[in-house]
Amino acid sequence: MTAKTSRMRAIRLVAPGKPLEASDIAVPGPAAGEVLIRVRAAGICHSDAHYRAGRSSTGPLPLTLGHEIAGTIEECGPGVTPLKEGDRVCVHYLVTCGNCSWCHQGNEQFCARAQMLGKHRDGGYAEFINVPARSLFGLPDEIPFEQGAIMMCSTATSLHALNKARMKPGDRVAVFGIGGLGLSAIQLARALGATEVYAVDIKPSKLDLARNLGATPINAASGDPVEQIRQRTSGRGADVALELVGLSVTMRQAVHCLAIKGRAALVGITDAGFSVAPYHELINKEAEIIGVSDHLAQELPLLLEWCRQGKLDFSHVITRSVALDAKIVNAVLDDLEGFGDEGRVVIVP
Ligand SMILES: [Zn+2]
Ligand SMILES: [Zn+2]
């Protein structure tokens with residue numbers, strides 16, 4: 001029996017605030033331009049906990065969650081020629097119209113018709129998923145499916161932040177917040193030629209991880225991190241600062257620690273304000289504050305190539321893989337709600 005005519009298991013959000021439920025649903029047949037993917041790995045992300053809780057809006061329910069997806073091509077829809085069954089792929093999570101001015105500019109995150117997998121349309125907590133062929137990127141044999149999956153989210157956003165901040169070789173980079181984004185950002189900044197990466201956090205375990213990746217740990221619990229960065233740069237400050245936490249205090253620090261012509265890229269999400277002294281902190285230094293939203297499909301091939309070459313390594317970030325089992329996945333999401341210390345968990349159907 002082909003996948004097209006069969007049923008599959010999926011873990012779905014049925015009602016906000018309720019545990020995800022195991023479902024038996026029809027395997028979707030790929031329409032023109034679409035490809036049916038057999039899911040080999042699906043990352044469980046903190047935003048999935050927000051969708052389950054109802055804190056972030058989603059498309060119509062029931063909905064299969066999961067936006068960090070890697071797998072193999074099962075079946076191609078009409079008009080899809082360059083791909084063949086069995087090819088290893090990972091999936092860009094934003095499905096866009098491909099025709100509007102934003103899509104044409106390569107800024108598809110602003111496409112008014114964009115739909116995110118596992119948020120607006122069915123995602124990867126399932127045996128199969130249907131996606132447009134242009135959402136697929138070849139996954140080299142050297143990269144395990146689990147790593148390919150998790151690179152599609154936080155790692156890609158960290159690279160976008162460094163690109164938006166125009167990071168260049170020789171820059172000194174300060175990273176505020178050493179979670180999934182921060183651990184990726186440290187490795188990416190080093191791969192892009194940063195002379196020094198300062199990793200700012202308050203948890204010793206996270207600072208240890210940062211040190212192991214070659215960053216200089218800055219413990220914000222034991223003194224003003226801005227002062228510590230200034231001391232270590234002979235008063236100069238950071239050329240690039242990434243704010244990955246989403247707090248006013250760290251946004252303020254990211255701007256405050258900048259060197260002349262420094263760029264602060266804000267990634268963490270908040271609407272709480274923070275104060276800036278325009279003359280001393282921006283005008284007189286020609287410093288910049290830059291907003292960062294999501295990432296771009298065109299940034300994914302470089303990430304995959306660096307991972308293939310070993311410049312990026314996420315094996316230590318993934319702490320375990322679990323079955324496509326609603327009870328287990330709900331327990332992982334419960335743990336994420338409590339900001340548990342576990343790294344990334346990946347579903348392997
Ligand atoms: Zn994610
Ligand atoms: Zn568009």
Side-chain angles (χ1 to χ4, degrees), residues 11 13 20 33 39 41-53 55-59 63-71 90-126 129 131-135 137 145-161 177 179-185 188 244-246 267-269 292-300 303 312 314 317-319 321-322 329 332-333 335-337 339-340 342-348:
I11 298 178
L13 178 63
L20 304 182
V39 177
I44 302 176
C45 182
H46 205 119
S47 32
D48 298 329
H50 295 311
Y51 305 147
R52 185 184 66 164
R55 282 188 297 271
S56 303
S57 65
T58 62
L63 174 85
T64 306
L65 297 190
H67 56 269
E68 306 178 358
I69 304 159
C90 42
V91 183
H92 177 44
Y93 62 50
L94 207 58
V95 175
T96 55
C97 80
N99 288 316
C100 71
S101 59
W102 291 119
C103 284
H104 281 301
Q105 285 172 27
N107 279 122
E108 76 275 0
Q109 79 270 52
F110 302 119
C111 174
R113 285 162 61 195
Q115 288 194 312
M116 186 169 162
L117 298 175
K119 178 173 167 46
H120 303 116
R121 56 186 267 171
D122 281 339
Y125 288 8
I129 182 172
V131 294
R134 61 192 165 78
S135 300
F137 291 85
F145 288 113
E146 291 90 333
Q147 288 197 39
I150 66 161
M151 282 166 63
M152 295 296 102
C153 186
S154 56
T155 312
T157 300
S158 295
L159 178 60
H160 188 54
L181 282 159
L183 291 171
S184 291
L188 289 164
L244 309 174
V245 187
V267 183
I269 295 171
V292 178
S293 178
D294 237 313
H295 62 267
L296 306 174
Q298 60 186 292
E299 290 167 322
L300 299 176
L303 279 184
L312 302 175
F314 300 104
V317 176
I318 300 168
T319 45
S321 46
V322 297
V329 172
V332 173
L333 291 170
D335 188 56
L336 285 169
E337 288 283 1
F339 287 96
E342 188 169 31
R344 204 55 147 196
V345 180
V346 177
I347 298 171
V348 177

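Keep in mind that this is a model prediction, so the values were computed, not measured. Note that ligands are numbered from 1 as they come in the structure, with each ligand's atoms numbered from 1 the same way.
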Opening angle at the Zn ion (ligand 2) [SG, Cys97; SG, Cys100; to 10 degrees] = 110°

Report, rounded to 10°, the angle at the Zn ion (ligand 1) between the two atoms NE2 (His67) and SG (Cys153).
-> 110°

Would Cys103 count as a contact for the Zn ion (ligand 2), in the sense that one of its N, O or S atoms lies under 2.8 Å from it?
-> yes

Would Asp48 count as a contact for the Zn ion (ligand 1), in the sense that one of its N, O or S atoms lies under 2.8 Å from it?
-> no

Is a side-chain donor or acceptor of Thr157 paired with a backbone partner of Cys153 at a separation under 3.5 angstrom?
-> yes

Please name the residue in the list Thr155, Leu300, Leu159, Leu94 that meets the side chain to side chain contact (heavy atoms under 4.5 Å, CB included) test with His295.
-> Leu300

Has His46 got an N/O/S atom less than 2.8 Å from the Zn ion (ligand 1)?
-> no

Sub-3.5 Å donor-acceptor pair from the side chain of Glu108 to the main-chain atoms of Trp102, do we have one?
-> no

Would you indicate whether the side-chain heavy atoms of Val345 and Ser321 approach each other to under 4.5 Å?
-> no

The atom of Glu68 among N, O or S that is nearest the Zn ion (ligand 1) is OE2

Using atom types as modelled and distance alone, determine if a side-chain donor or acceptor of Gln147 lies under 3.5 Å from a backbone N or O of Phe314.
-> yes

